[in-house]
Amino acid sequence: MWRQLLPVGRNSTSGGYRRFAWTGADADCRDWFREQARRRGLAYEVDRNGNQWAWLGDSAEGDAVVTGSHLDSVPDGGAFDGPLGVVSAFAALDELRRRGVRPAKPLGIVNFGDEEGARFGLACVGSRLTAGALTVDQAHRLTDADGVTLPQAMETAGHDPDAIGPDPVRLGRIGAFVELHVEQGRALDLTGDRVGVASAIWPHGRWRFDFRGEANHAGTTRLADRHDPMLPYAETVLSARREAERAGAVATFGKMAVEPNGVNAVPSLVRGWLDSRACDQERLDTVVGGVERAARAYAAAHGVQLDVERESFTPVVEFDHALRDRLARILGKDADLKVPVLGTGAGHDAGILAGRVPTAMLFVRNPTGVSHSPAEYAAEDDCVAGVLALADVLEGLAAP
């Protein structure tokens with residue numbers, strides 16, 4: 001399965017993946033998922049929001065145990081973020097069949113659409129729509145960098161955009177959702193553990209900073225006469241690092257746009273996107289507030305206007321404590337093993353669903369901690385350990 005999926009959407013120059021929602025690469029990933037379901041004799045369906053499902057047993061019976069993740073990627077992302085959870089889900093089902101396990105509850109595998117938000121700028125679109133965390137009107141207003149709207153992209157890919165919306169009946173049939181994911185950090189590597197259980201997702205969000213100055217000639221405009229938005233932007237990037245260090249949080253300006261974007265022109269506009277995450281809301285507010293205050297001071301000093309807009313935000317997500325503890329007991333049953341429980345600063349579909357169904361996550365060790373990069377990696381024996389752990393969890397949760 002892994003070898004079949006690896007070439008899909010891979011960029012030959014960077015070695016990373018460009019599996020963006022409702023594109024050709026996305027269609028190839030979806031074809032792969034459908035074929036895996038067919039090979040196993042699973043009931044296959046696509047829901048109103050474009051998420052793919054494969055079922056062992058009748059989902060209408062309710063109290064289903066569901067696992068899975070996503071197959072799309074960030075720009076030039078790695079091979080493991082998302083796909084490891086989907087591949088492991090099918091492999092775990094194979095392991096249950098090898099063991100002769102007959103689940104007493106329906107088992108489902110899901111591929112949520114547009115989790116990374118690489119094309120339309122909003123993460124977890126498929127799960128947000130399903131959970132009612134994104135309205136139809138909001139979804140219809142999403143556009144990509146070329147001005148293509150989400151409805152247009154869905155329609156081109158053969159999906160009806162007028163059908164999207166909350167799906168409470170589907171969610172009501174799920175008794176537990178467990179998402180396996182490569183760890184996006186080094187906590188497990190530092191403790192020497194192959195698999196861990198998630199405790200919570202840190203609060204996080206994205207803020208857009210628009211610095212508006214005055215375009216002018218780079219060769220003839222005196223430094224004293226310039227209103228250059230690049231200068232306060234650069235100072236703001238450095239301030240984000242300082243604020244994050246003080247608060248024990250993280251803050252990143254990882255994307256920017258410049259107008260008119262000429263080598264010999266003083267910019268008229270510099271737009272930067274801040275991503276910030278912290279273990280609690282108070283620290284996050286401290287970081288973002290500090291960055292904005294610094295940015296406004298720098299902008300004023302250079303005669304530049306500044307607009308700040310929060311584009312997305314997710315509050316802290318505490319995974320279901322009873323389910324989390326049950327996973328720990330299942331995984332530690334043979335040797336009285338204490339399974340590591342760790343928080344994460346990364347957002348996931350599991351975090352979106354947590355407000356609607358009991359949800360938990362498993363992490364597989366990442367020896368470098370690198371993610372959202374072609375260098376993202378997990379060793380094969382650790383991936384196998386993740387599959388076996390997921391199989392144990394599914395067997396335990398689906399037992400009579």
Side-chain angles (χ1 to χ4, degrees), residues 74-77 116-118 120-123 143-145 184-185 201-219 221-316 344-347 369-373:
V74 298
D76 290 322
E116 296 289 7
F120 297 101
L122 179 65
T143 59
D144 67 11
Q184 295 169 291
I201 296 177
W202 289 4
H204 57 279
R206 299 177 182 180
W207 290 261
R208 193 185 74 232
F209 285 64
D210 291 347
F211 295 86
R212 302 182 186 277
E214 181 179 78
N216 219 324
H217 196 294
T221 308
R222 295 190 318 149
L223 296 181
D225 293 337
R226 298 184 181 196
H227 300 283
D228 185 351
M230 186 64 75
L231 299 177
Y233 172 71
E235 291 172 313
T236 300
V237 172
L238 296 176
S239 75
R241 175 60 179 257
R242 289 193 296 269
E243 294 292 338
E245 286 179 336
R246 290 193 192 108
V250 291
T252 308
F253 277 96
K255 177 182 176 180
M256 65 179 294
V258 181
E259 296 179 8
N261 204 28
V263 175
N264 59 349
V266 176
S268 60
L269 169 68
V270 175
R271 174 171 289 151
W273 282 264
L274 170 68
D275 179 298
S276 189
R277 308 165 191 235
C279 62
D280 57 56
Q281 188 64 52
E282 183 178 359
R283 295 190 190 205
L284 181 61
D285 291 342
T286 297
V287 172
V288 176
V291 173
E292 181 172 349
R293 285 192 297 273
R296 294 197 181 282
Y298 295 139
H302 291 282
V304 170
Q305 293 182 340
L306 171 63
D307 295 316
V308 179
E309 180 177 343
R310 189 179 78 180
E311 291 193 337
S312 67
F313 175 73
T314 303
V316 63
T344 176
V370 173
S371 188
H372 284 188
S373 159

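One-based numbering along the sequence shown.
- The neighbour count for E282 CD, taken as heavy atoms of other residues, nucleotides or ligands under 6.0 Å away, does not exceed 12.
- Sequence neighbours left out, the pairs with a member in residues 293-304 that pass side chain to side chain donor-acceptor pair (under 3.5 Å) are E235-H302, R242-Y298, E292-R296.
- Between V291 and L274 there is a side-chain heavy-atom pair separated by less than 4.5 Å.
- In this structure, H204 NE2 and D275 CG are separated by 7.5 Å, a value rounded to the nearest 0.5 Å.
- For the side chain to side chain donor-acceptor pair (under 3.5 Å) condition, the pairs that include at least one residue of residues 263-274, sequence neighbours left out, are D210-R271, W273-E311.
- Here the CG-CZ distance, from N216 to R222, works out to 12.0 Å after rounding to the nearest 0.5 Å.
- Residues P203 and V316 come closest through the heavy atom pair CB-N, 3.6 Å.
- Judged by distance alone, with hydrogens and angles left aside, the side-chain atoms of R283 form a donor-acceptor pair with the main-chain N or O of A247 at under 3.5 Å.
- Residues N261 and V258 come closest through the heavy atom pair CB-O, 3.2 Å.
- For R226 (side chain) and A218 (main-chain N/O), a donor-acceptor pair under 3.5 Å exists by modelled atom type.
- Note: D144 CG to F120 CZ = 5.0 Å, rounded to the nearest 0.5 Å.
- The two residues A118 and V74 make their nearest non-hydrogen contact at CB-CA, 4.1 Å.
- Between atom CD of residue E116 and atom CG of residue L122 there is a gap of 12.0 Å, rounded to the nearest 0.5 Å.
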| said: Could you go through V266 and E214, starting from their C-alpha distance and side-chain angles, then the distance that decides it, and tell me whether this counts as side chain to side chain contact (heavy atoms under 4.5 Å, CB included)? | reply: CA-CA 7 Å; V266 176; E214 181 179 78; over 6 Å; no
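- At distances below 3.5 Å, not a single donor-acceptor pair connects side-chain atoms of S276 with backbone N or O atoms of R206.
- Considering every non-hydrogen atom in both R212 and D307, the closest pair reads NE-OD2, 3.5 Å.
- Using a 4.5 Å heavy-atom threshold, the side chains of V288 and F313 count as separate.
- Counting all heavy atoms, side chain and backbone alike, G272 lies closest to Y233 at CA-CE1, 3.7 Å.
- Screening residues 244-253 for side chain to side chain donor-acceptor pair (under 3.5 Å), with sequence neighbours left out, gives R241-E245, E243-R246.
- The two atoms that bring A244 and A251 nearest to each other are CB-N, 3.7 Å, heavy atoms only.
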